[in-house]
Enquirer: 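Provided herewith is a single structure, encoded as C-alpha cells, for subsequent inquiry.
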Protein chains: 2
Amino acid sequence: MKNFTTLQWKGDIDGCLELTDQRKLPAQFITIQCKTPEQLFDAIKTLAVRGAPAIGVAAAFGICLAAQQLDKSKLSDAVRRIEQQADFLSKSRPTAVNLFWALERMKKTAHDFAAENPGAAIDDLRQCLLTEARKIYAQDVQMCHNIGINGEEFVPVGGSVLTHCNAGALATAGDGTALAPIFEAQRKGKKFKVYVDETRPLLQGARLTAWELQQAGIDTTLICDNMAGALMKDGKINAVFVGADRIAANGDAANKIGTYSISVLAKEHKIPFYVAAPSSTFDLKLQNGSQIPIEQRPAEEIACFMNVQIAPPNVNVYNPAFDVTPAENITAIITEKGVIRCPTEEKIRQIIV
Amino acid sequence: MKNFTTLQWKGDIDGCLELTDQRKLPAQFITIQCKTPEQLFDAIKTLAVRGAPAIGVAAAFGICLAAQQLDKSKLSDAVRRIEQQADFLSKSRPTAVNLFWALERMKKTAHDFAAENPGAAIDDLRQCLLTEARKIYAQDVQMCHNIGINGEEFVPVGGSVLTHCNAGALATAGDGTALAPIFEAQRKGKKFKVYVDETRPLLQGARLTAWELQQAGIDTTLICDNMAGALMKDGKINAVFVGADRIAANGDAANKIGTYSISVLAKEHKIPFYVAAPSSTFDLKLQNGSQIPIEQRPAEEIACFMNVQIAPPNVNVYNPAFDVTPAENITAIITEKGVIRCPTEEKIRQIIV
C-alpha cells in the first residue's frame, strides 16, 4: 500500500538516516539525510519527521548516528556518551512517549552490550545498536500491520469515518496507526468514505493524511476542524479514528490538539471513538492524563502562514500542540496486541504489560 | 470605541457606498466604493463586506444605487425596477436573513411611496429610499448599542470569554452584536480576557475580531478553532458569545461554521453560551433550524491559502459556511429588545414581534 518511505537507514554502521521531509508535502516530495544527532534533533523539532511512532524509530537511528561519533575510547566511556546523546535527543519534543521509549531501549542495548562484552570493539557496539534500531523499525512495521488487522472490523461498511491530524504511514515506519485499519479495510474491498480534519495550525490532515489516502485510492473529503460537529449532527460520520502520542495507565490519551473536542462531539452524537496506538505509546508510570506534559509551540505557527502575517502583529497566541482525551470518551484503544474496549487501568495492564 | 467605518454612504442621492475591504484586513486597511448594485453584489459575495447586520445595511444602500439607474419613466415602472434589483441583490448570499429583511423593507418603502405620491418625481423616490437606508443604518448603530447594554452583565468579571468568527463592529454599522457586550463591559471598566477562534477557512477571527479587540485595548488571545474544547476542559473559558445569521421561530440559530461544535463543548463543560443578534435576524416563518438554507462555498477556500495549494490537487472538499445551533444549546439570545433566556418560540414571539 505504502509507495513512499517515511524514514530509512541508508548503508551500514557508517550510514545515515534518510527522511521524507514532511514540512514540504504535498507540494514537494523531497528527502533529507541526517548524518548527526544534531541534524536529527532539528528534523524532529521542526517536524520534518513527526508522528509518535516515527519519532521513536527515528530516535533509535539517532543513537546509531551518535555511535558514529565515538572515538576509540573505553567501552564504558562510549556507553556514557551514548546515554548523553540519548538525553539530548529526548529533548527534541516533550509529549510523544515513543521517543523516550525508543531511547531507553537503545540505552539499555548499549549498556547490556558493554556489560556482556567488556572486551568488544567500538565497531561491535555500533553494529549492535544498528541491529537494535533496525529491529525497532521492523517491529514498527509489524505493529502497524497488526493494528490494521485488529481495527479493520470497526470501519463501517458503506459508512464514513473521520480522522484528525496524521496517524498514517507518514507517522510510522509502516502503514500508520489510525489509518492502518482504514488501509486494511480498503485491502479487504470494503466501501467507505473518510473525512479528514485539516488540523490547524500545521495542516497535517490537509497536507499529509488527505495525500496518503488519495494515493491509496480511498474516497477522501477534506474539511476544516470546526466542521466535524456539523457533519456528525447531519449523520455523516459513523466512526472516529485517531492516533495517540502518549496514553496514561488509566487510558487517558494525549493526541494532536483538537482530538479532545472531537471526542466530546462523538460522545454527544453517540459515534464510536477509536484510538489506535502501539503498546510503546502507553506510559504506565502516569496515573492519568493530567500528568502528560503538553508541548507549547511558537505563536507564529498560528499568526503567520507561509511567512505572511494573518493576524494583527503582537496579538497573544495560545498554541498547545496536544490535548488529552479522557478514557471515558474512548470507545476502544486498538493496539498491536489487541483491542481494549472501554479502557480501564486493569484492562490496559492485561493487554500491554 | 469604533475608530473605523465598516460602511458609509458618501454624498446625497447621487452618492456611493464606501466599504472597508475586509478581505484585506488586517494587513491592509483600504476602502472601496460601490457605485452600482452589481459592484455591491460582488462586494457581498466575495466578503468585502460581511456579517449579517452589515450585509443588511449595505443591501439597503444597494437599493439607493439601483435608484440612481432609474430613468425618467413612470413611478410604477421605477418601483418594479427597484423590486427586480432587490431580487438580484438578494441572491448575493443565501443564509443571513438580514439581507432579505432590509431588501423587503426597501421594496415596501418604494411601493408605499409610489402609492402615496403618485405624481412624485423619480428624485423624490430616490430621496425617500436614501432616507430609509440611512434610518436602517442608524437603527443598526442603536441596535448594537442596546445589545451591548443588554448583554454586558453576562461578561464575567475577572473571567474569560470565547468568541467565534467576527460579530463585531466590522459585521455591523455600529459596535457589533456578540462583541457589543464585550465593548460595553470594557467601557464599564470590567477586567476580563477574550479568546478568539481564528475561524477557518477565511480566518475572520484572526484577521478581524483579534484586530478589533486589540484596537480597543482588550486582553485578546488568538487560538485555532480546535483548541476551544481543551481550553474549556482546563477551566479557561467562562462564557461564549457568538452572533447569528438567521434564527428560526423556535430559537435554532444559524451562525458561522463551527458554532454548533462550540455549543456542544460549552454544554459539556456547563459554560453559558450566548447568541447576540438583532430582531432582524429572526425568521419567524421558519419553524426550526433545519429549514435554514446553508451556503456552500468554493473548495479553494480550504484547499488553497493565498493562492498556494495546501492540500493535494483534486481532493474533495466540503465547505459549508454555516451550521445550526439548536435552541436547547443556547443559554440566552441577547437582542436589542431584551434577553431571551432558554429560548422557546413563545418567549421569542413575546420579545420580537
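Values reported hereafter were calculated over all heavy atoms of this structure, with side chains retained and with hydrogens, waters and symmetry mates removed. All chains are named by letter (A, B, ...) in the order of the sequence lines, taking the proteins before the strands, and each is independently numbered beginning at 1. As the structure is a prediction and not an experimental result, all values here were calculated from the model.
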Enquirer: For residues 306-316 of chain B, please give each side-chain donor-acceptor pair under 3.5 Å, one per line with the distance, not counting sequence neighbours.
Expert:
unit_1, atom_1, unit_2, atom_2, d
B:Gln309, NE2, B:Ala311, O, 2.9
B:Asn316, ND2, A:Thr220, O, 3.1

Enquirer: May I ask you to list the residues in residues 287-300 of chain A that approach chain B closer than 4.5 angstrom, counting heavy atoms only, ordered by number?
Expert: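 Within residues 287-300 of chain A, no residue comes under 4.5 Å of chain B, counting heavy atoms only.
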
Enquirer: With side chain to side chain contact (heavy atoms under 4.5 Å, CB included) as the criterion, how do B:Leu265 and A:Ser261 come out once you've worked through the C-alpha distance, each side chain's angles and the decisive distance to 0.1 Å?
Expert: CA-CA 7 Å; B:Leu265 292 166; A:Ser261 290; 3.6 Å; yes

Enquirer: Side chain from CB out, backbone as N, CA, C, O: work out which of these in A:Asp197 comes under 4.5 Å of a heavy atom of chain B, or both, or neither.
Expert: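 For A:Asp197, no heavy atom lies under 4.5 Å from chain B.
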
Enquirer: Counting heavy-atom pairs closer than 4.5 Å to chain A, which one of B:Trp211, B:Phe305, B:Phe322 comes out on top?
Expert: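 Most heavy-atom pairs within the cutoff with chain A belong to B:Phe305.
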
Enquirer: Quick check for you: to the nearest 0.5 Å, what is the distance between B:Asp225 atom CG and A:Ile257 atom CD1?
Expert: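 Result: 11.5 Å between the selected atoms.
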
Enquirer: Check each atom of A:Lys267 against the heavy atoms of chain B and say whether the ones under 4.5 Å are side chain, backbone, both or neither.
Expert: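 For A:Lys267, side-chain heavy atoms alone lie under 4.5 Å from chain B.
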
Enquirer: Counting heavy-atom pairs closer than 4.5 Å to chain A, which one of B:Leu213, B:Ile302, B:Asp323 comes out on top?
Expert: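 Looking at each of B:Leu213, B:Ile302, B:Asp323 in turn, B:Ile302 comes out on top.
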
Enquirer: Working to the nearest 0.5 Å, report the span between OH of B:Tyr318 and CG of A:Leu231.
Expert: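 B:Tyr318 atom OH to A:Leu231 atom CG measures 5.5 Å (nearest 0.5 Å).
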
Enquirer: Measure A:Lys193 against the heavy atoms of chain B and call it side chain, backbone, both or neither at under 4.5 Å.
Expert: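 The answer is neither part of A:Lys193.
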
Enquirer: A:Val264 versus B:Lys233: any side-chain heavy-atom pair under 4.5 Å?
Expert: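 A:Val264 vs B:Lys233: side chains apart.
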
Enquirer: Heavy-atom pairs under 4.5 Å with chain B: which of A:Ala303, A:Pro320, A:Ala27, A:Pro326 has the most?
Expert: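 Highest number of pairs under 4.5 Å: A:Pro320.
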
Enquirer: Is there a side chain to side chain contact (heavy atoms under 4.5 Å, CB included) between A:Asn226 and B:His164 once you walk through the steps?
Expert: CA-CA 10 Å; A:Asn226 64 26; B:His164 186 69; 4.0 Å; yes

Enquirer: If you count heavy-atom pairs within less than 4.5 Å of chain A, which of B:Thr325, B:Leu203, B:Val324 leads?
Expert: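 The answer is B:Val324.
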
Enquirer: Look up atom OG in B:Ser263 and atom CD in A:Glu268, then write down how far apart they are to the nearest 0.5 Å.
Expert: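 Result: 8.0 Å between the selected atoms.
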
